[in-house]
Structures are given as structure tokens and as C-alpha cells.
Amino acid sequence: MLRSIVKRRLRMPLCHRRTNAALCTINVSASTDHTLPAQSSRQAASEQGRRFVSEDSASPSISAAEMSKFSALAETWWDSRGPFKALHLMNPARISFIRSVLCKHFRKDTCCARPLKGLHILDVGCGGGLLCEPLARLGARVVGIDAVEKNIKVAAAHAVKDPLTASIKYLCTTSDKLVGEGYEQFDAVISLEVIEHVTEPKMFVESLAGLTKADGSIIISTINRSISGYFLAIVAAEHLLQWEAELGL
Amino acid sequence: MVGAAVGCGLATNKLTKSLRVAIIDGKPLTEGLYNLPKIDGVPDPRVSALTPSTVKFLEEMDAWRYISNCRHAPFDSMQVWDYTGLGYTRYNATDVGKHELGYVVENKVILSALYHRIQDLGFTSLIFPANVKAVKGCEKSSSARVKEGTDCETNNKGLAQVELDDGQLLHARLVVGADGGSSKVRTMVGLQSFKKSYEQEALVCTLETSSTHSRAWQRFLPTGPVAILPMGGTFSNIVWSTTPSQAHDLKNMSDEDFVAKVNEALVGSFGPFPSSHIPHLLASPLGSFLGVTSSSREPFEPPPHITKCLSKRASFPLSLAHAYKYATDHVVLVGDAAHTVHPLAGQGVNLGFGDAATLVNILCEGVEVGADIGEVSLLERYEKKQRLTNLPMMAIMDGFQRAFSVDLGPINFARAAAFRAVQFFSPLKRQVISYAMGEGATLIPKNFQL
């Protein structure tokens with residue numbers, strides 16, 4: 001279904017620490033059909049039968065325990081010295097990669113302040129908006145979605161402070177639901193540090209594909225499967241800080 | 001000057017040239033600020049000795065050509081000695097394979113060149129004259145640089161607020177405080193600063209010498225150093241750091257008396273000229289084979305004779321100051337607002353231009369990743385880098401100032417030994433010259449540079 005997968009090791013600028021993340025871009029080709037019929041998506045949801053705490057109907061992707069954990073931390077998203085310090089430190093490197101990849105794919109001029117102008121981007125699992133805001137400043141029209149309502153509220157409240165980010169649209173929903181609703185498709189769909197938390201990664205990626213235009217781009221990031229990645233990101237960050245109960249790793 | 005350099009740097013960089021920038025300066029717009037001063041006429045006594053590193057920064061912004069078409073004086077050597085006559089050091093640009101050690105340029109020429117360049121680039125929204133009345137609700141101030149965010153009134157909670165004395169209210173992503181040693185911006189946002197007064201004032205004036213020269217001369221007296229900088233032709237600039245009472249007397253005496261005093265300070269008073277005894281090893285052909293610098297083999301030369309005082313004499317107090325933090329939310333300090341240093345090595349404004357260059361680079365990096373340019377973590381990267389450059393230089397200058405202000409036998413001999421060590425030990429001399437020229441990497445390990 002997906003034509004090419006380009007895996008790159010993250011190249012860090014000297015001022016950022018190694019973060020043991022792996023970023024992967026998937027360039028969607030024109031010939032494949034990525035639109036999942038709305039019917040099959042809803043069937044998939046009911047077949048899985050997992051529910052989570054949300055205003056809307058359940059999604060099969062994310063478990064309840066996962067989400068309540070993140071709810072507690074929502075307010076501290078934007079404190080660059082708080083619990084999400086590592087994400088803040090990692091962010092410039094991620095944005096730099098995304099910027100370079102999208103400019104190359106969409107043939108944009110990299111030597112300007114807003115190279116992503118004209119692109120419509122979806123951030124799946126946007127959290128407090130750490131990715132959405134820089135992308136908006138780089139010129140893109142951004143929609144951020146997250147299954148945790150508190151995150152969306154934090155993100156929206158923060159984004160409105162800066163005129164350049166006030167136009168970001170935040171929705172409390174999931175990618176499968178958006179596909180089910182027949183939501184518009186995006187030039188780029190980005191999902192960073194989310195796939196490791198979903199129970200059905202294949203279905204999740206299919207939903208991302210369903211939201212991407214033909215000739216669009218999907219960018220996914222997750223923790224590197226290395227010893228240091230395990231100790232630094234899984235054990236230290238997620239177990240010690242209790243970000244995650246069970247991963248099975 | 002440093003504020004204008006920040007503006008110029010932003011204007012010349014592709015990533016930041018779309019930022020809207022307001023330059024707010026309390027001084028009235030003097031006629032001809034956009035017109036470069038004529039080359040003829042007596043030079044202004046307020047000058048700066050620019051290091052090659054600063055000149056490179058100005059060249060990168062394409063502002064240097066305005067200065068090079070105007071009056072500027074390169075100097076290619078320097079001689080330093082003290083009142084005891086026990087030792088001297090000569091530095092030549094050729095010791096490090098360069099043609100110049102630096103350039104002496106009038107401050108108004110530098111400022112005009114920067115504004116000229118900014119204007120040529122069509123950079124918008126220059127606002128001056130105006131005084132800043134408040135930054136985020138604080139008291140009156142003199143000048144600041146403000147980057148405008150937007151005119152939209154509703155979405156300004158995440159922006160800094162600047163109130164001008166004419167009632168205008170500006171909202172900006174970043175306020176750059178470049179308003180000098182007694183920075184009001186720094187005070188208004190609550191950034192504390194360490195300050196130590198040197199109990200000295202620096203007196204500046206333009207003089208005429210009996211002959212042309214392209215050398216910087218500095219003699220350390222018990223009250224402080226007196227320095228003569230070439231300004232081209234027979235024009236020279238004097239920077240005489242001394243006690244406030246002597247500075248006051250020197251300012252108020254007649255021109256002839258003042259000239260006599262200067263000649264006395266350079267030549268006539270205290271100890272004799274240092275002896276020019278050069279060790280045989282260095283003077284011999286083996287010396288040049290071993291890579292001994294040419295300046296090590298040059299004898300002491302008496303400084304030029306001053307014939308006339310050509311301008312008004314002005315003075316300013318000297319102090320060592322350093323802000324504990326250079327940045328806070330949406331506000332950052334550059335130049336003298338962040339740090340001041342003794343003028344004995346002419347490094348003050350060069351540290352400021354270094355701040356400007358680093359700040360522009362950091363802001364470009366921020367824009368490249370869509371960051372909020374007023375975000376304190378971004379500004380702290382600028383602070384971290386500049387502290388590593390500024391603090392060692394300030395400590396060294398302070399060390400020199402203390403070492404030369406003590407008139408005690410053992411200390412005098414220690415100084416003499418130091419003079420001779422630097423004069424005759426070429427690797428050390430090359431390090432000193434490189435450091436003073438702004439190639440700071442020689443003293444700061446590379447892996448600390450960000």
C-alpha cells in the first residue's frame with residue numbers, strides 16, 4: 001500500500017542532546033488509493049471493542065490508562081524546564097528534519113522564514129501543541145488533534161497568545177474518527193511519539209494514510225530500538241516518571 | 001552602535017529579514033546620520049578600536065564598505081610600557097601574519113554606516129527619536145530596540161509590551177536592550193547587574209602629532225593608562241584613564257597646558273624609557289629560524305610628540321559591570337547594557353559587536369525552526385555563548401587594571417618580567433595578539449563553543 005519508506009537517523013545539531021528517536025518519512029505516491037471507506041473504519045472500531053475516556057465515541061487505537069496519565073501532565077507541557085523538558089530540547093531537531101523533508105518533497109525554498117506557506121498539515125497526537133506552533137510559524141496551515149481534551153485546551157490557550165499561531169485549529173478527536181467523518185485530506189500528516197502508544201499500529205498508520213492527499217507526505221517518529229533508547233526513553237522517562245504503565249518491552 | 005548592528009544583522013540575513021523591526025533611540029535624529037561624515041575636518045574624539053573580528057562581522061553585513069569609503073585608520077603595531085621603565089612589549093600585526101591589528105573609527109561613522117546599510121535594504125519601521133517610557137509596566141527609559149510583532153490588539157498576551165513617551169504602545173516578540181551601561185531596559189525588567197566602579201574617568205580628545213604614525217601607544221601610569229591611537233595623517237586620539245579629579249583638571253585647563261601634560265605623561269614623567277636590550281639569541285639569525293616574532297627584535301621607540309589639541313575634551317566614568325542574566329522572557333540585553341569593561345585594551349565595543357553577531361545567529365536558528373524568538377530558552381543559548389567570551393575578557397582586563405594600579409617594588413618587577421616574557425617569548429605573544437584581535441578560540445577550548 002505504501003510505496004517507499006525512507007528511514008533516517010536523526011542528525012542532531014551540536015546544541016541538542018541525543019534523543020534516541022527515529023524519524024521516518026513516508027512519501028505517498030499518486031497511484032495508491034488511501035481513502036478508507038467510512039464504513040470499514042467504523043466496523044474496525046467496534047470490532048476492537050476498546051473504549052477510552054473521551055467526549056466522543058471510542059477509538060480502537062488508544063487505551064484509557066494511557067490517556068489519563070497524559071491528562072495529568074497537560075498543564076506542564078509548555079514549561080521548558082518541566083516534565084517535558086526532553087521534548088522541548090528535542091523539538092528544534094525534529095522541526096529541522098521536518099522542515100527539510102517537506103521543503104524537499106514539496107519543492108519549497110528553504111532560505112526563507114516561512115517556507116511551509118501553502119501547505120496544509122495535520123499533527124496527530126499534538127499534545128500541548130509543541131509541534132503545531134513552530135509549523136504555523138513556518139507558514140503552514142495547521143490542524144492539531146489529540147484524544148485528550150485537556151491537551152487540546154492547553155494547546156489552544158497557548159496558541160492564541162501569538163498572532164502567528166492563533167490560526168491553528170485544535171480538535172479533540174482521533175485520526176480514525178477523522179477518516180470516518182470523511183474529513184479533508186492534508187498535504188502532510190505528522191505523528192510524533194504516538195505510534196508507540198497505540199494498540200493497533202497498522203490500523204493507525206492506515207488512518208494516517210487516509211488523511212493524506214495523493215502525493216502528500218506522512219512523517220512518523222518513535223523511540224529508537226537501541227539499548228540507550230530503552231534506558232533513556234523507556235526506563236528513565238516513561239517508567240521512572242511513570243508516563244506509561246506497561247509497554248511490554 | 002551595537003543595537004544598530006543587531007538591526008543590520010537581522011536585515012541582511014535571509015531568514016530574519018522579514019521580521020519587522022523598530023529601533024527606538026532617545027537621542028534626536030541628527031542631521032546627516034544617514035549621510036556619511038566627510039573625510040576632511042577634525043575627527044570626532046569618540047572613537048572605537050575595532051578588531052579584525054568585528055570588521056569581519058561588519059563585512060558580512062556589507063556595512064564595512066561604507067566605513068572604508070569614509071575615514072578610518074588601520075593600525076599595524078602597538079607598544080605598551082609602564083612608568084617604571086623596567087620593560088616594554090611591542091606587538092606587530094606581522095607577528096601573526098596579518099596587515100593590521102585593528103582599525104580606529106569614529107563612532108558616528110560606524111553608526112552612520114550601519115543606518116545607511118539598514119536603509120539601503122529597505123528595512124522598515126525605524127522609529128526615532130522617541131524615549132521608552134515602560135517595558136512591561138516599568139519606569140522611564142532612554143532607548144531600546146524593539147522587534148514589532150503585530151498591530152493586532154487582541155492576541156498580544158504572549159508578546160512584550162513597550163510604552164513610548166509619546167503614548168504609543170508597541171507589542172513585540174522581542175525587546176533588545178541596547179541602551180548602554182546605565183540601561184533602563186535592564187532596570188525596568190528587573191535584571192540585576194554586578195557593578196564595580198574603577199574610581200577612574202577616561203578622558204578623550206583629538207590631538208595633532210608632529211609626525212604620522214600607524215601605531216597604538218599605551219603607557220601605564222600609577223593613576224591609569226594613557227593611550228594614543230592613530231586616526232590617520234597627523235590626527236591621533238587620546239584615551240587617558242585617570243582619577244576623577246585629574247580628569248576634571250585636564251578637561252578644564254587650556255589647550256597648551258593640556259598638550260604639555262600629555263607629553264609629560266607619555267615621556268617626561270616618572271621613570272626612563274625601558275631599555276632596548278634584546279637577547280643575543282633572538283637578535284641572531286637563529287632567532288628568525290626559531291620563529292621569533294619580528295617585534296621581539298625591535299627596540300623601544302618613544303611615542304610621537306603631541307603638538308596641538310584639536311577638539312573638545314570629554315570624559316566618562318569607568319566601571320566593571322556584568323548582568324547576572326542577559327535575558328528574560330521576551331527581553332534580551334546586548335553590548336554595554338549587559339557588560340562594561342575598562343577601555344585599556346579597547347575591547348568593550350568589540351564584545352558588544354560579538355554579542356550582536358551571536359544574537360543574530362541565534363535568532364536565525366530560532367526562525368529556522370519556527371521558534372518564538374522571545375522564548376527565554378533560545379535567548380539563554382545566546383547568553384551562554386557570550387558569557388564564555390565576555391567573562392574571561394573582562395576578568396583579564398580587570399586583572400591588568402589591578403596589576404598596573406599597584407606601585408610596589410615586587411609587583412613592579414613582576415610586571416616588568418611579564419612585559420619581557422611577552423615581548424621575547426613569541427608563542428605567548430602570538431596567543432595574546434590573536435586573542436586581542438577577536439580570534440577568541442585560542443583561549444577558550446573549542447568544545448565549549450556552541
Side-chain angles (χ1 to χ4, degrees), chain A residues 12-17 78-82 84-100 102-103 108-117 119 121 123 129-140 142 156-168 190, chain B residues 10-21 147-161 170-174 327-330 358 360-385 388 445-450:
Chain A
M12 296 292 186
L14 278 173
C15 57
H16 303 293
R17 289 186 229 139
W78 283 99
D79 180 3
S80 57
R81 291 182 186 88
F84 291 99
K85 182 177 177 180
L87 267 183
H88 281 277
L89 283 176
M90 199 162 73
N91 218 22
R94 305 192 304 180
I95 308 285
S96 190
F97 174 82
I98 292 168
R99 183 188 201 271
S100 125
L102 290 181
C103 282
K108 298 284 188 183
D109 175 21
T110 55
C111 291
C112 66
R114 294 166 71 78
L116 304 182
K117 202 165 181 185
L119 293 182
I121 300 183
D123 180 8
L130 260 67
L131 179 69
C132 292
E133 290 198 12
L135 290 176
R137 287 199 194 94
L138 290 173
V142 181
H158 192 270
V160 86
K161 288 183 186 175
D162 185 341
L164 276 181
T165 55
S167 56
I168 300 173
I190 306 179
Chain B
L10 293 172
T12 45
N13 192 292
K14 279 185 207 159
L15 289 170
T16 50
K17 67 180 182 186
S18 52
L19 289 173
R20 276 160 55 218
V21 179
K147 272 177 220 32
E148 255 184 60
T150 179
D151 294 328
C152 174
E153 284 169 23
T154 50
N155 296 331
N156 295 327
K157 289 178 211 158
L159 305 177
Q161 191 171 285
L170 300 176
H171 292 100
R173 278 203 183 80
L174 180 66
T328 180
D329 247 330
H330 301 283
T358 304
V360 168
N361 282 337
I362 294 287
L363 292 181
C364 287
E365 284 177 20
V367 167
E368 196 177 8
V369 292
D372 176 4
I373 54 170
E375 172 64 52
V376 73
S377 52
L378 182 73
L379 301 174
E380 278 173 357
R381 280 165 48 195
Y382 146 80
E383 176 180 343
K384 198 169 169 183
K385 181 159 192 217
L388 280 177
K446 272 212 172 337
N447 56 8
F448 280 115
Q449 287 186 335
L450 299 171

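Every chain is numbered from 1, with letters handed out A, B, ... down the list of sequences.
Checked by atom type and distance alone, the side chain of A/Asp109 never pairs as donor or acceptor with a backbone atom of A/Pro115 at under 3.5 Å.
Looking at A/Leu135, there are no atoms closer than 4.5 Å to chain B (heavy atoms on both sides), in backbone or side chain. Residue A/Cys112 touches chain B through its backbone alone, counting heavy-atom pairs closer than 4.5 Å.
Classification of B/Glu380 and B/Lys384 as a salt-bridged pair fails, no side-chain N sitting under 4.0 Å from a carboxylate O.
Contact of the A/Pro163 side chain with the B/Leu159 side chain is registered, since non-hydrogen atoms from C-beta on lie closer than 4.5 Å.
With sequence neighbours left out, the side-chain hydrogen bond (donor to acceptor under 3.5 Å, both in side chains) criterion links B/Asp372 to no other residue.
Most heavy-atom pairs under 4.5 Å with chain B: of the set A/Thr110, A/Leu116, A/Ile95, this distinction falls to A/Ile95. Interface check for chain A: of the options B/Cys364, B/Gly366, B/Ala371, the most heavy-atom pairs under 4.5 Å are formed by B/Ala371.
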